[in-house]
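A, B, ... follow the sequence lines: proteins, then strands. Residue 1 opens every chain.
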Amino acid sequence: MPSDDSRALDFAAIEARWQGRWYGDRVFDSEPVEGAPKYFIIFAYPGTSGYLHVGHMRAYTYTDIMARFMRMKGFNVLFPVGAHATGNVSITPAKKVERGDTETLAYFRANGCTEDELRKLSDPLEVVRFFSKVYVDDYWKRFGFSADFRRFCTTIDPGYMRFIEWQFLKLKERGLLFQKPYMGTACLKCGPVAVDPSETDISSGGNAEKQEYTLLKCRSGDRYLVAATLRPETVYGQTNFWANPGTEYVEIDVEGEKWVVSPECAEKLSHQIDGVRITGNIPGRALIGTGCKPPVIDREILVLPASFCDPNVGTGLVTSVPSDAPYDWIALRELQEDEARCKSLGLDPAQVRAIEAIPIIRTPGFGPLPAKEICERMGISKLGDPRLEEATKEIYSTGFHTGVMNDLCGEFAGLNVSKAKDRMKAAMFDRGEAALFYDMSEPVTCRCGGKVIVKKIPDQWFIDYGNREITDLSKEHAASMRIMPPEYHANLPGILEWFQERSCARLGNWLGTPLPFDRRWIVEAISDSTLYPAYYLISKYVTSGELRPEEMDESFFDYIFLDKGTQADRDGVSVRAEIVTRKYRKGKWEHIPKIADRIRRDVEYWYPLDVNLGGKEHMTVHFPVFLMNHVAILPVKMWPKGILVNWYIVMKGGKISKSKGGAEPIPDAVKLYSVDGMRLYYAHSASPFVDVEWDDGIVRGYRQRVERIYWQYLDAIAAIRDASPPESRMDRWLEAEFTSSIDRMQSFMDAFDLRAAAGEIFFTIPDRIRWYERRGGQGAAMKRILPLWAQAMAPFVPHVAEELWERLGHKDFVSTSLYPAEAPETDREVAAEEDYIVRLMGDLAQVRKVTGIEKGKVWLYVAEEWKCEVMAKVSGLHASGTRDTSGLIKAVMQMPSAKAHAKEAAAFVQKAAKDIAAGQAPSPPKDEHALLSDSTQFLSRETGFEIVVQKAGEKGIHDPKGKARAAAPGRPAIYAEAI
RNA sequence: GCGAGGGUUGCCAAGCCUGGUCAAAGGCGAUGGACUCAAGAUCCAUUCCUUAGUGGUUCACCGGUUCAAAUCCGGUCCCUCGCACCA
């Protein structure tokens, strides 16, 4: 027995040792092998934006486990890795470093970045280079990934960019690219910016949303007072118009029309509509008391004063619908009660008082005037009340979802509000009475300090994912794919259908590939990462220098992916493909396959991709376009075969965020928990399809579990090293248990159920071995199962598995060993016997507990022979459909053995039938008495009771309490006496 | 707004698709015991209530289907996540 302290494993040494050997021997570099089945798996590569955290490693580890498993199953596995540098992911940190952002600098330093390195990182390209290296060396190799690192590439490698150019040429050729105007968020100084909660481009306003206002053009003389509304469906309820008497408005020329809006709005509009210019000023005061004629309703309404008209919101002018807008309701009432104010603004109080709200929407739970009702309910009576916001939201959301337009709404009467909204908008546009206007829901400030606005981009490039043919083909193909979890498989067709056009390029200063036919545009990050698994087949040749980026023209890719330019018209093939036919090798020139041919063969061999594994954030973004681009561009035989989605590791309080940092740096985590401990944690602590809360203690527990198994394994080796232990029934038992565990593990793995698979190997098997030892197993079976056990562990805990494999005396790697093709025949009968013993021990414990007898003598009564016969009979009848008790009893009474005990038998049949129906009838071992007699010593030792085995129903047995009668097949009766 | 997932016994987490074998796997924690001078580690047992063992009440809540429901259907409450040119 080793002393206790030595039972801590030096994981770091083991990890370093095996990683050194794997990568030193390049055992995971993959090349096609004629005739060998292949397996091509990737994980969605990370953006080079920051350090990775323990959550990312979950997905990556799944990928490696699958890759390792398939390799050992005999597949030729290709598992390449890369990094995603497109867009501004690396620009953002570079900018932060450049301006000396203290948080960012601290973040880099905390993760171990040296000052030398840090200085360079103000250059985005350096950031890409830096993180590429960190990912490969500090994370992926550090985790022992069995990847082919020769193929590593980023999306801004020159070769990759050629590939993307080709992709877009093909999309264009297929008619899937088009241009149209788009309203984007932008800073006037910096160009397009992203507005999102992570605030990578902006300094504030990350939660702002782009809102679409409908501009209602209300005729007033030769011009329009233009009101902005989010609720165009309420136009029938307009009773008056609001303007702010305390502010200035401007008159602008819009395509020949004169509009009145706030100056702020005019400025915003000028970025959205061409040729907008200011032609005059109008004090708000001057509008009050005039009239205007809004769209749809055929009547003039009065312009009234309202302080809540904010020149920064919408047009600064508002149309009033007091029936459904709490603000309007309160404002109107206040004014109606304020005669003095009316007079001071030159309004006729009587005329103002005459205005009445017009009910337009029937909303369940509300009367005809919801705005009025909610204000009364909430006790809102003044415009200054902050709860007006809440009231507005409530009315809007209830009305929108449940409301129906009433009879006053002309042709729209009877429609659901949600439907009426779109139709009314469309009708007003058609008649030229309305226009669209976009604005942010709250102020957004760019990193440069400028204001972020909504700006029209007149010629934005889109990919047409709404294309009928591509959508249908993709849906059809998705149905045939292996997609996990099943819920996603079911949802994917819906997502593909929902996917419409998507902008695919950006103006501005981003990293990425310029569109080959319009180089002002840079292909954006989602669109340039759809076919990339295919590029891993090429990157190797670029890295090695065998292929130069400038040689990768359209005809080159056409040749290797689309079979164009084969044999017959070689003239069209890339020049380079012809050139590299000879190479100086080993001192002489030899002919080697042309590089393009070699790559083409690689593509034919490795493609399609078998599994694309990525986080759930990809479900509605990356995966659909990944699939649709394959369908659009590549031949059917190259369409992907599988998708696996993983959920997250979360910290208390939310998702671990790469951009925000704060998570455990991987190198530190590895020291704390060990690589194999973490790998086992990922695989086993939960299904891949749920979020898991990171918990230190639990991860430590897994490290300990690995250690424990390691020592259990070594002890087992030591115990059998030079001995030839005798074979016993427990050896047959262990081998059978082990074999079925391995069987289950294999089928779990095939179903991507890593958790259940790991459970078999790291929990069930050690547990069975302990039982084996407890029952006196001497090691004969251990000798046989140990090698396969190490192999089974290898995908999950490869470092420790290699170590154990070596201790067994192997000179090769367990990682590249193969699982045996066939499982040995095993004896299932013994399993029933051991189940019986386990069950009995449970009953004994139960008896001990309820009687309180700790030490004493226990009599076990094995059921009479006739009971076994009756049980078998009932069981057979039950299986063949006879289930009613009286029928069963009749049938059983035909049996002479039962008839001899008629009364008892009838009762027994009833109970047996019940147990069988409930599935609770244990299958008894063949000879209970013999088994028990053989096991008395074991049972005594385990329970501390003296054990006597008797046959129920025999004369002269010791049975003072008549317990023997309760004996059932597979379940002996028990009687205990304290000493 | 659009869409998805979920609420299980102290905690984490299986089961739910394919109803019965489910008082409900496994892990963690807790309690007791073994081993030890002791501690840790390890091993064994217990961990809803009850009871000389085969009984009772549970799987967010309400209702329904069924001989039978954690599992199917309808409703309610609560939580989480994805998307809306960040990737």
Picking from [options], which would you name as closest to the side chain of [X]?
X	options	value
A:I698	B:C2, B:C12, B:G6	B:C12
A:A686	B:A13, B:A87, B:C2	B:A13
A:A525	B:A87, B:A25, B:G27	B:A87
A:F763	B:G26, B:A52, B:A14	B:G26
A:V690	B:G82, B:A13, B:A52	B:A13
A:K963	B:A14, B:C81, B:G53	B:G53
A:R755	B:A14, B:C83, B:C81	B:A14
A:V847	B:G82, B:A13, B:A52	B:A52

Exercise. Would you call A:D459 and A:R520 a salt bridge, using N to O less than 4.0 angstrom?
Worked result: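 Between A:R520 and A:D459 there is a salt bridge, with a charged N closer than 4.0 Å to a carboxylate O.
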
Students often get this wrong, so: under 4.0 angstrom with heavy atoms, is [X] touching a base, only sugar-phosphate, or nothing?
X	value
A:V621	base
A:T764	nothing
A:A756	nothing
A:F689	nothing
A:G759	nothing
A:A968	nothing
A:P972	base

Exercise. How far does CD1 of A:I974 sit from CD of A:Q846, to the nearest 0.5 angstrom?
Worked result: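 Reported to 0.5 Å precision, the distance equals 9.5 Å.
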
Exercise. How many angstroms lie between CD1 in A:I483 and CG in A:L644, if you round to the nearest 0.5 Å?
Worked result: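 One finds 10.0 Å between CD1 of A:I483 and CG of A:L644.
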
Exercise. Is atom NZ of A:K95 surrounded by more than 12 heavy atoms (other residues, nucleotides or ligands) closer than 6.0 Å?
Worked result: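 Result for NZ/A:K95: open.
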
With both distances kept under 3.5 Å, what pairs with [N], Watson-Crick or G-U wobble?
N	answer
B:C43	B:G33
B:A25	none
B:U54	none
B:G1	B:C83
B:G74	B:C62

Problem set entry | A:Q712 and A:Y710 side chains, donor-acceptor separation under 3.5 Å |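 Side-chain D/A pair, A:Y710 to A:Q712: absent.
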
Exercise. Distance check: side-chain N/O of A:R705 vs OP1/OP2 of B:G26, anything under 4.0 Å?
Worked result: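 The answer is no; no side-chain N or O of A:R705 sits under 4.0 Å from OP1 or OP2.
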
Write down the distance separating the [atom1] atoms in [N] and [M], rounded off to the nearest Å.
N	M	atom1	value
B:A30	B:U18	C1'	38 Å
B:C81	B:C72	P	25 Å
B:U47	B:A38	P	28 Å
B:A34	B:G40	C1'	16 Å
B:C16	B:G82	P	27 Å
B:C59	B:U8	C1'	4 Å
B:C12	B:G7	C1'	14 Å
B:A23	B:G10	C1'	16 Å

For this session: Please state whether the rings of A:H618 and A:H622 are parallel, tilted or perpendicular, taking 30° and 60° as the class boundaries.
Result: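 Taking A:H622 first and then A:H618, their aromatic rings stand perpendicular (interplane angle over 60°).
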
For this session: Just say parallel, tilted or perpendicular for the rings of A:Y975 and A:H958, cut-offs at 30° and 60°.
Result: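 Ring orientation of A:Y975 relative to A:H958: tilted.
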
Roughly, in whole Å, what's the span from [atom1] in [X] to [atom2] in [N]?
X	N	atom1	atom2	value
A:Q500	B:C83	CD	C1'	14 Å
A:I974	B:U54	CD1	C1'	11 Å
A:Y681	B:A13	OH	C1'	12 Å
A:N491	B:C17	CG	C1'	14 Å
A:F748	B:G15	CZ	P	10 Å
A:D691	B:C81	CG	P	8 Å
A:H618	B:C83	NE2	C1'	14 Å
A:F626	B:A87	CZ	P	20 Å

If you take the centroid of each ring, where Trp contributes its six-membered ring, are [Y] and [X] closer together than 6.0 Å?
X	Y	value
A:W694	A:Y673	yes
A:Y438	A:Y213	no
A:Y51	A:F131	yes
A:H684	A:F763	yes

Exercise. Where each residue is assigned the nucleotide of RNA chain B containing its nearest heavy atom, which of A:A505 and A:D843 is assigned the position nearer the 5′ end?
Worked result: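 Going by which nucleotide is closer to the 5' end, it is A:D843.
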
For this session: Could you say whether A:S685 or A:T620 is positioned toward the 5' end of RNA chain B, judged by the nucleotide with the nearest heavy atom to each?
Result: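 Residue closer to the 5' terminus by nearest nucleotide: A:S685.
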
Seminar exercise, completed: Counting primed atoms, P, OP1 and OP2 as sugar-phosphate and everything else as base, the B/S/- map of nucleotides 42-51 of chain B against protein heavy atoms under 4.0 Å is SSSS-S---B

